[in-house]
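Here's the structure we're looking at; comments come further down.
Counting starts at 1 for both ligands and their atoms, in listed order. All residue numbers refer to positions in the sequence shown, counting from 1.
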Amino acid sequence: MKCRACRAGAVIELPRHNSALCRDCFLAYCRNQVSRAIDEHEMLRPADRVLVAVSGGKDSLALWDLLLDLGYHVDGLYIGLGISGYSEPSAGYARAFAQSRQARLVEVDLKGHYGFDVRSGAAADHRVPCSACGLSKRHIFDRAALEGGYDAVATGHNLDDEAAVLLGNVLRWDLEYMARQRPVLPATDGFPKKVKPLVRLAERETAAYCVLRGIDYQVDECPMAAGNRHLGYKEALGLIEERSPGTKAAFYAQFLERAAGPVAAAAGTNASTSLHPCPSCGAPTTSQLCAFCRLVERAGGDPKKRIPVSAG
Ligand code: AMP
Ligand code: FES
Ligand code: ZN
């Protein structure tokens with residue numbers, strides 16, 4: 001198998017592009033896909049300070065590496081979720097990457113900062129673990145970015161993630177969720193800008209990128225996510241993609257191009273009008289106390305603790 005671009009020996013086949021690439025051309029392809037996503041959706045400006053949320057998995061470490069290579073000023077943010085057998089090794093991969101690139105990693109430990117971990121927080125707030133986890137992560141991403149003076153938070157959501165979420169939203173015709181499913185969410189009062197620069201890269205491509213770049217990452221899936229609906233949608237899309245390469249990318253890209261605008265108009269955008277700052281943490285909320293502070297209180301922690309992120 002020869003590289004489609006330079007005729008050297010290919011290391012990866014890309015059926016959806018009807019192509020195969022050698023190591024160097026594949027790494028260039030990944031960089032190019034990320035920089036196209038950034039330009040196409042006006043995600044970042046060259047001088048922006050970016051906080052990349054790193055889980056220790058392939059996507060977020062590939063993203064951190066790619067953004068550094070593209071010349072952005074990027075620090076990492078790792079959140080210790082206290083999931084036994086999973087969180088510690090994940091933190092190790094994030095720390096090792098930061099050290100190898102001499103990059104700054106901000107760490108926030110749920111238990112240390114707020115007094116609970118995903119399991120105990122979920123039990124105290126009568127939620128499933130993934131819900132307590134998602135709520136905590138979103139809150140900490142926002143607070144850390146705002147308090148650290150970052151221009152944007154970048155997450156490692158890839159094409160497979162976004163297509164699977166879209167499929168779930170379409171199956172339920174959930175227009176409100178579809179309206180918010182954008183690769184970039186602009187900064188609004190009390191929320192930082194959020195960007196997903198990997199939306200043009202598939203999961204197997206970010207895995208191959210890490211392997212070829214020598215980046216070690218957490219291979220295991222979170223044990224609490226096993227069997228969830230999202231993974232089922234990914235598998236279903238994987239089967240369709242095998243038969244008809246390119247379907248997944250078209251499903252997502254055509255949504256953005258043709259459906260996202262009308263869907264947002266149909267869903268309406270009046271939700272932000274009743275937002276006010278949470279009296280405990282300052283995050284915008286429609287309730288008396290924001291959902292994260294309620295979770296912290298129920299779990300017996302202190303919602304007023306500040307995240308130690310300096311503008312450094
Ligand atoms: P997930 O919600 O696990 O699918 O992860 C989606 C994205 O959230 C990842 O690509 C990361 O950018 C970010 N993320 C997930 N877990 C963590 C974590 N423990 N700390 C910081 N960022 C995370
Ligand atoms: Fe959040 Fe698994 S990473 S519950
Ligand atoms: Zn709050």
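- Of all protein heavy atoms, the one closest to atom 8 (O) of ligand 1 is F141 CZ, 4.0 Å.
- In this structure the side chain of S136 reaches within 4.5 angstrom of the side chain of F116, judged on heavy atoms.
- Looking only at atom types and distance, the side chain of D174 has no donor-acceptor partner in the side chain of N169 under 3.5 Å away.
- The contact set between ligand 2 and C222, taken as ligand atoms under 4.0 Å from a residue heavy atom, comprises 2 (Fe), 3 (S), 4 (S).
- Heavy-atom minimum distance, Y217 versus G57: CB-C, 3.8 Å.
- Checked by atom type, the side-chain pair T247/E241 shows no donor-acceptor distance below 3.5 Å.
- Closest to atom 9 (C) of ligand 1 among all protein heavy atoms lies G156 N, 3.9 Å.
- Between the R294 side chain and the L289 main chain, a donor and an acceptor come within less than 3.5 Å of each other.
- Distance check, rounded to the nearest 0.5 Å: CG of N32 to CG of L27 gives 12.5 Å.
- Of all the heavy atoms of L77, the ones lying under 4.0 Å from any atom of ligand 1 belong exclusively to the backbone.
- Between the side chains of Y150 and D75, at least one donor N or O sits under 3.5 Å from an acceptor N or O.
- Shown are L68, L63, V74, V153; of these, the side-chain contact (heavy atoms from CB on, under 4.5 Å) with V50 is made only by V74.
- One finds a salt bridge joining D65 and R101 here, because a Lys/Arg side-chain nitrogen approaches an Asp/Glu carboxylate oxygen to under 4.0 Å.
- Among the atoms of C133, an N, O or S atom is found under 2.8 Å from atom 1 (Fe) of ligand 2.
- Excluding waters, the protein N/O/S atoms found under 2.8 Å from the Zn ion (ligand 3) are C278 SG, C281 SG, C290 SG, C293 SG.
- For ligand 1, the atoms closer than 4.0 angstrom to any heavy atom of T155 are 12 (O).
- Salt bridge D161/K196: absent, no basic N to carboxylate O contact under 4.0 Å.
- Contact detail for Y252 and P183: the closest heavy-atom pair is OH-CD, 3.8 Å.
- Taking atom 17 (C) of ligand 1 as the reference point, the nearest protein heavy-atom neighbour is S55 CB, 3.5 Å.
- The protein heavy atom nearest to atom 19 (N) of ligand 1 is I79 O, 2.9 Å.
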Please step through side-chain hydrogen bond (donor to acceptor under 3.5 Å, both in side chains) for the pair Y29 and E205, ending with a clear verdict. CA-CA 10 Å; Y29 155 85; E205 294 168 355; 3.2 Å; yes

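- Polar contact check, A53 against ligand 1: a nitrogen or oxygen pair lies under 3.5 Å apart.
- Given atom 1 (P) of ligand 1, the protein heavy atom at minimum distance is K137 NZ, 4.0 Å.
- Contact between C130 and ligand 2 is present, with at least one heavy atom of the residue lying under 4.0 Å from the ligand.
- Among protein heavy atoms, the minimum distance from atom 6 (C) of ligand 1 is reached at H157 NE2, 3.4 Å.
- The backbone of V54, and not its side chain, has at least one atom closer than 4.0 Å to an atom of ligand 1 (non-hydrogen atoms only; backbone = N, CA, C, O).
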